[in-house]
S.K.: 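After the structure tokens below, expect a handful of questions from me.
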Amino acid sequence: MDRIRIKQIIAGARIGQLLVVCGWIRSKRESKGVAFIALSDGSTQDTLQLVVPSESAAFNQLHACSTGAAVRVTGTLRESPGKGQKYELEVSGIEVLGTADPETYPLQKKGHSLEFLRDIGHLRPRTNTFGAVFRVRNVLAGAVHNFFQERDFMWVHTPVITSSDCEGAGDLFTVTSLDLDRLPAGSNGSTDFSRDFFGKRAYLTVSGQLEAEFLAMSLGDVYTFGPAFRAENSNTSRHLSEFWMIEPEMAFADIIDDMKLAEDFIHYLCSKVAAECETEIAFFEKFYKNTSLKALGTLSEKPFVRISYTDAVKELGRAKKKFEYPVEWGLDLQSEHERYLTDTVFRGPVIVVDYPRDIKAFYMRQNPDNRTVAAMDVLLPKVGEIIGGSQREERLDVLEQRMEEMEIPHEHMQWYLDLRRYGSAPHAGFGLGFERLVQYITGMPNIRDVIPCPRAPQLIRF
RNA sequence: UCCCGGGUAGCUCAGCUGGCAGAGCGGAUGGCUGUUAACCAUCUUGUCGGGGGUUCGAAUCCCUCCCCGGGAGCCA
């Protein structure tokens with residue numbers, strides 16, 4: 001007989017049927033006449049209540065059924081007379097597949113701190129919290145593809161290993177097959193990377209954007225969804241060294257189209273999670289209080305406030321609040337400024353657009369005022385920046401001049417400049433940090449708790 | 001990387017004006033009950049983060065290193 005998932009049982013219409021269920025024991029309550037077991041199989045937030053009557057042969061095996069043990073159970077589904085669950089399985093047979101020594105099994109019936117669970121990363125998906133996080137993460141990942149596929153964006157696979165070191169974002173991890181104990185010497189004490197695997201220095205990608213641009217400039221609308229790597233020494237609840245990024249890129253599009261896409265995207269994802277992860281969100285609402293179905297519902301409809309950088313600076317200048325960092329046109333907005341805009345002034349997501357060109361990347365399109373670029377950031381309450389995007393500079397002369405001003409060497413960028421030489425066209429895109437989205441929607445305080453195997457400075461266990 | 005706050009039993013934490021290392025939870029055993037993080041009784045648990053120093057004596061004071069958390073910077 002095939003096993004059935006608890007998720008399907010909860011969905012209903014199986015009362016009276018003989019079923020086989022496999023899973024891990026969460027808790028057990030024993031008495032003389034009857035025992036109760038809460039069983040989880042990861043398919044859903046809910047546990048299945050197993051009822052083991054003392055006359056059942058399974059009753060003698062209860063000793064091995066401690067918290068954490070894996071079992072295969074046969075029984076008849078009944079309507080539950082008790083509170084807290086609709087169904088329960090009246091057990092006729094239990095096969096203990098794997099015991100879990102209660103003296104050493106680290107998960108208790110009680111709740112654990114998120115910090116402790118990080119130390120047992122291989123077992124934490126068995127908890128309510130992490131089961132919920134990873135189910136929401138899965139629904140979000142599926143929704144990302146649905147959103148773009150429904151709009152005829154093509155999923156493109158940009159490289160993980162790259163030779164491009166001028167993508168603008170932080171420090172890079174070097175990828176090498178050289179013997180690190182005997183590095184070939186180059187000039188003035190450096191390493192000779194011409195002897196390395198690729199014949200030149202290679203890195204883990206920090207972004208697929210530049211590659212996505214050339215794919216957009218032939219396929220039209222594309223998106224990437226894959227890992228990115230940053231070697232920055234960032235120790236915060238919002239940064240990972242390895243994270244997943246979504247980067248749509250649209251040909252024949254401007255910054256207005258870009259903002260529209262970003263807003264539609266967030267709306268879509270929130271509505272999908274609200275519809276498909278009701279129990280998970282209800283769980284987060286109850287135990288972490290940083291998210292709610294109601295808030296998700298609002299987020300999936302409410303239009304985002306749009307404000308120019310220049311007006312945002314004016315708004316901050318009017319603020320009664322004392323800021324630690326100065327507010328002045330030309331300086332980048334600090335976390336406290338962004339938070340003031342999202343949490344106090346507009347009380348919701350805000351898109352800030354048209355930033356000073358001197359604080360933004362070389363590829364962003366210069367506006368007619370000659371001092372701002374068509375760049376936009378989507379800011380969310382509490383989490384801060386979740387999306388950074390721009391219209392790309394499609395004019396060859398303007399781009400070349402900008403690269404010179406910012407001292408970016410042209411030689412490795414000829415292919416990028418070619419896109420402006422041959423059939424150039426307006427195009428725009430953005431990058432969204434997937435974990436920050438999961439973090440925002442689940443309300444998890446630390447980004448290390450929304451990815452199965454977090455990588456950060458000094459952290460690469462599991 | 002910088003600024004704060006921490007590291008004591010398997011977990012959460014108290015003890016910190018230097019003087020016998022504690023509680024709750026968990027776990028084990030027994031009892032009881034269609035139970036819901038069940039309940040009652042008994043029992044169980046230590047490299048006080050590592051190293052060095054001050055002292056008759058250090059979990060407690062000093063130095064140093066490691067790790068964790070919060071905030072900042074960098075960014076998504």
Side-chain angles (χ1 to χ4, degrees), chain A residues 26-38 46-54 63 66-68 78 80-85 88 90 100-120 123 127-128 167-171 206-209 224 227-247 262 287 323-325 332-339 359-361 377-380 383-389 430-440 445-451 456-459 461:
Chain A
R26 281 282 177 77
S27 69
K28 177 179 63 173
R29 294 175 292 277
E30 260 180 295
S31 67
K32 231 181 233 166
V34 64
F36 299 95
I37 290 174
D46 299 302
T47 55
L48 179 67
Q49 171 153 283
L50 308 178
V51 183
V52 188
S54 56
H63 186 75
S66 56
T67 301
R78 308 280 188 214
S80 178
K83 282 181 201 151
Q85 64 281 316
E88 61 187 26
E90 191 183 305
D101 182 359
E103 293 278 350
T104 55
Y105 186 65
L107 292 173
Q108 308 173 355
K109 277 193 251 183
K110 271 210 124 181
H112 290 289
S113 69
L114 296 171
E115 291 82 1
F116 170 67
L117 292 173
R118 257 171 243 156
D119 287 337
I120 48 167
L123 294 173
T127 63
N128 277 327
E167 283 162 347
D171 296 333
V206 296
S207 160
Q209 183 201 312
T224 72
F229 307 86
R230 305 275 167 93
E232 280 289 311
N233 192 10
S234 295
N235 292 288
T236 81
S237 55
R238 303 183 307 283
H239 289 86
L240 291 167
S241 307
E242 176 182 301
F243 63 100
W244 285 62
M245 192 151 59
I246 297 145
E247 296 178 288
F287 286 97
F323 293 116
E324 194 183 337
Y325 290 87
D332 207 354
L333 300 180
Q334 303 292 314
S335 292
E336 56 172 347
H337 305 142
E338 296 180 348
R339 213 173 305 122
I359 58 171
K360 288 292 180 183
D377 284 356
V378 178
L379 311 178
L380 294 182
V383 173
E385 182 182 342
I386 193 166
I387 284 178
F430 62 76
L432 176 144
F434 187 56
E435 282 76 17
R436 285 193 183 167
L437 181 77
V438 180
Q439 206 186 342
Y440 184 69
N446 196 310
I447 200 165
R448 297 173 186 196
D449 298 328
V450 299
I451 187 167
Q458 302 302 315
L459 182 68
R461 273 186 85 191

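We use all heavy atoms of the structure for the numbers below, so side chains are in, but hydrogens, waters and symmetry mates are not. Note on naming: letters A, B, ... go to the chains in the order of the sequence lines (proteins, then strands), and numbering restarts at 1 for each one.
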S.K.: What is the distance from CG of A/Leu50 to P of B/rG34, rounded to the nearest Å?
M.R.: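 Value for this atom pair: 18 Å.
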S.K.: Please identify each residue that fulfils side-chain contact (heavy atoms from CB on, under 4.5 Å) with A/Glu242, with sequence neighbours left out.
M.R.: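 A/Phe229, A/Arg455.
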S.K.: Expressed in angstrom and rounded to an integer, what is the separation of A/Glu247 atom CD from B/rC75 atom P?
M.R.: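 Taking CD of A/Glu247 and P of B/rC75, I get 15 Å after rounding.
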S.K.: Please name all residues satisfying ring pair (Phe, Tyr, Trp, His ring centres under 6.0 Å) with A/Phe116, sequence neighbours left out, ordered by chain then number.
M.R.: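 If we apply the ring pair (Phe, Tyr, Trp, His ring centres under 6.0 Å) test to A/Phe116, skipping adjacent residues, the hits are A/His112.
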S.K.: Identify all pairs in which a protein N or O lies below 3.5 Å from an N or O of nucleotides 68-72 of chain B, and state each distance.
M.R.:
from	atom 1	to	atom 2	distance (Å)
B/rG69	OP1	A/Arg118	NH1	2.2
B/rA72	OP1	A/Arg339	NH2	2.5
B/rA72	O2'	A/Tyr325	OH	3.0
B/rA72	N6	A/Asn235	O	3.4

S.K.: Side-chain contact test, heavy atoms from C-beta onward, threshold under 4.5 Å: evaluate it for A/Thr224 versus A/Ile246 and give yes or no.
M.R.: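 When only atoms from C-beta onward are counted, A/Ile246 and A/Thr224 do not touch, as no gap falls below 4.5 Å.
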S.K.: State whether A/Lys32 places a side-chain N or O below 4.0 Å from either non-bridging phosphate oxygen (OP1 or OP2) of B/rG31.
M.R.: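 Indeed not, no polar side-chain atom of A/Lys32 lies that close.
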S.K.: Rounding to a whole Å, what distance do you find between A/Phe434:CZ and B/rA76:C1'?
M.R.: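 Rounded to the whole Å, the gap is 13 Å.
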S.K.: Say we look at B/rU42 and B/rC66: how far apart would their C1' atoms be, to the nearest angstrom?
M.R.: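 Each nucleotide's C1' atom is 41 Å from the other's.
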S.K.: Give me the atom names and distance for the closest heavy-atom approach of A/Met245 to A/Ser207.
M.R.: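 Minimum heavy-atom separation between A/Met245 and A/Ser207: CE-CA, 3.7 Å.
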S.K.: Under a 3.5 Å cut-off for both distances, is B/rC61 Watson-Crick or wobble paired, and to whom?
M.R.: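 The base-pairing partner of B/rC61, which may sit in any strand shown, is B/rG53.
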S.K.: Answer yes or no: side-chain N or O of A/Glu103 and base N or O of B/rG10 forming a donor-acceptor pair under 3.5 Å.
M.R.: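 Counting by modelled atom types and ignoring angles, no donor-acceptor contact under 3.5 Å is found here.
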S.K.: Do A/Ser335 and A/Arg339 have side-chain heavy atoms sitting under 4.5 Å apart?
M.R.: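 The answer is yes; the side chains approach within 4.5 Å.
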S.K.: Provide the distance between the two C1' atoms, one in B/rC20 and one in B/rA28, to the nearest whole Å.
M.R.: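 So the two C1' atoms sit 28 Å from each other.
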S.K.: Could you work out the separation of B/rG24 and B/rC67 based on their C1' atoms and round it to a whole Å?
M.R.: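 My reading of the C1' atoms in B/rG24 and B/rC67 gives 26 Å.
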S.K.: With A/Ala35, which residues qualify under side-chain contact (heavy atoms from CB on, under 4.5 Å), at least two apart?
M.R.: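 Residues passing side-chain contact (heavy atoms from CB on, under 4.5 Å) with A/Ala35: A/Glu30, A/Val52, A/Phe59, A/Leu62.
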S.K.: Expressed as a whole number of Å, how far does the C1' atom of B/rA9 sit from that of B/rC3?
M.R.: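 Those two atoms are separated by 33 Å.
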S.K.: Name all residues meeting the side-chain contact (heavy atoms from CB on, under 4.5 Å) criterion together with A/Ser237; count only those two or more places apart in sequence or in a different chain, and write none if there are none.
M.R.: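 Once residues adjacent in sequence are excluded, the partners of A/Ser237 under the side-chain contact (heavy atoms from CB on, under 4.5 Å) criterion are A/Asn446.
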S.K.: Who passes salt bridge (charged side-chain N to carboxylate O under 4.0 Å, His left out) against A/Glu247, sequence neighbours left out?
M.R.: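 With sequence neighbours excluded, A/Glu247 shows a salt bridge (charged side-chain N to carboxylate O under 4.0 Å, His left out) to no residue whatsoever.
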S.K.: Just checking A/Ser113: base, sugar-phosphate only, or nothing, at a heavy-atom cut-off of under 4.0 Å?
M.R.: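 Result for A/Ser113 = sugar-phosphate.
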S.K.: Salt-bridge test for A/Arg78 and A/Glu90: reply yes if a basic N is under 4.0 Å from a carboxylate O, no otherwise.
M.R.: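 Judged by the 4.0 Å cut-off on N to carboxylate O distance, A/Arg78 and A/Glu90 do form a salt bridge.
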S.K.: Give the rounded distance in Å between these two atoms: CG of A/Asp332 and P of B/rG73.
M.R.: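 Checked: the CG to P distance equals 10 Å.
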S.K.: Could you tell me the separation between the CG atom of A/Asp171 and the P atom of B/rA76, rounded to a whole number of Å?
M.R.: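 The distance from CG of A/Asp171 to P of B/rA76 comes to 14 Å, rounded to the nearest Å.
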S.K.: Just name whichever nucleotide pairs with B/rC74, Watson-Crick or G-U, keeping both distances under 3.5 Å, else none.
M.R.: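 No nucleotide pairs with B/rC74.
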S.K.: How many whole angstroms separate atom CD of A/Gln108 from atom P of B/rU45?
M.R.: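 That distance rounds to 17 Å.
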S.K.: Who pairs with A/Ser66 by side-chain contact (heavy atoms from CB on, under 4.5 Å), at least two apart in sequence or on another chain?
M.R.: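 Here the qualifying residues are A/Pro102.
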S.K.: Measure CD/A/Glu338 against C1'/B/rC75 and give the value in whole Å, please.
M.R.: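 Taking CD of A/Glu338 and C1' of B/rC75, I get 10 Å after rounding.
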S.K.: Given the C1' atoms of B/rU64 and B/rU45, what is the spacing between them in whole Å?
M.R.: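 B/rU64 and B/rU45 have their C1' atoms separated by 32 Å.
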S.K.: When we call it a touch if two heavy atoms are under 4.0 Å apart, what does A/Leu240 touch: a base, just sugar-phosphate, or nothing?
M.R.: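 Since a base atom lies under 4.0 Å of A/Leu240, the category is base.
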S.K.: So, using ring pair (Phe, Tyr, Trp, His ring centres under 6.0 Å) as the criterion, who are the partners of A/Phe434 when residues are at least two apart?
M.R.: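 Result, ring pair (Phe, Tyr, Trp, His ring centres under 6.0 Å) vs A/Phe434: A/Phe225.
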S.K.: Can you tell me, in whole Å, how much space there is between the C1' of B/rG19 and that of B/rA59?
M.R.: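 So the two C1' atoms sit 13 Å from each other.
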S.K.: Within this structure, what is the CH2-to-C1' distance between A/Trp244 and B/rA76, rounded to whole angstrom?
M.R.: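 Atom CH2 in A/Trp244 sits about 15 Å away from atom C1' in B/rA76.
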S.K.: Considering only side-chain heavy atoms of A/Phe116, which listed nucleotide, B/rG34, B/rA28, B/rC11, is closest?
M.R.: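 So the nucleotide nearest the side chain must be B/rC11.
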S.K.: How far does the P atom of B/rC48 sit from the matching atom of B/rG22, given to the nearest Å?
M.R.: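 So the two P atoms sit 14 Å from each other.
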S.K.: So which nucleotide does B/rC39 pair with, by the Watson-Crick or G-U wobble rule with both distances under 3.5 Å?
M.R.: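 Check on B/rC39: paired to B/rG31, both distances under 3.5 Å.
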S.K.: Should the side chain of A/His239 and the base of B/rC75 be counted as holding a donor-acceptor pair, with the cut-off at 3.5 Å?
M.R.: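 When only heavy-atom distances are counted, A/His239 does reach the base of B/rC75 through a donor-acceptor pair under 3.5 Å.
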S.K.: Residues two or more places apart in sequence or in another chain: which of them pass ring pair (Phe, Tyr, Trp, His ring centres under 6.0 Å) with A/Phe287?
M.R.: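 With neighbours one apart ignored, the set is A/Phe283.
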S.K.: Rounding to the closest angstrom, what is the interatomic distance between B/rA58 and B/rC25 at atom P?
M.R.: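 It comes out at 33 Å once rounded to the nearest Å.
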S.K.: Under the rule for salt bridge (charged side-chain N to carboxylate O under 4.0 Å, His left out), what residues qualify as partners of A/Arg461, not counting sequence neighbours?
M.R.: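 Here no residue qualifies.
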S.K.: Would you list the protein and nucleotides 46-48 of chain B atom pairs, both N or O, that sit under 3.5 Å from each other?
M.R.:
none

S.K.: Does the structure show a Watson-Crick or G-U wobble partner for B/rG24, both distances under 3.5 Å? Name it, or say none.
M.R.: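 Base-paired to B/rC11.
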S.K.: Is there a side-chain contact between A/Pro445 and A/Leu114, using heavy atoms and a 4.5 Å cut-off?
M.R.: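 Sidechains of A/Leu114 and A/Pro445: in contact.
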S.K.: Below 3.5 Å between N/O atoms, which protein atoms pair up with nucleotides 35-38 of chain B? Just atom names and distances, please.
M.R.:
from	atom 1	to	atom 2	distance (Å)
B/rU35	O2'	A/Arg29	NE	3.0
B/rU35	O2	A/Arg29	NE	2.8
B/rU35	O2	A/Arg29	NH2	2.8
B/rU35	N3	A/Gln49	OE1	3.0
B/rU35	N3	A/Gln49	NE2	3.1
B/rU35	O4	A/Gln49	NE2	2.7
B/rU35	O4	A/Gln85	NE2	3.4
B/rU36	O2	A/Gln85	OE1	3.2
B/rU36	N3	A/Lys83	O	2.7
B/rU36	N3	A/Gln85	OE1	3.3
B/rU36	N3	A/Gln85	NE2	3.3
B/rU36	O4	A/Lys83	N	2.8
B/rU36	O4	A/Lys83	O	2.8
B/rU36	O4	A/Gln85	NE2	3.4
B/rA37	N1	A/Gly111	N	3.1
B/rA37	N3	A/Lys109	O	3.4
B/rA38	OP1	A/Lys109	NZ	2.9
B/rA38	OP2	A/Arg29	NH1	3.1

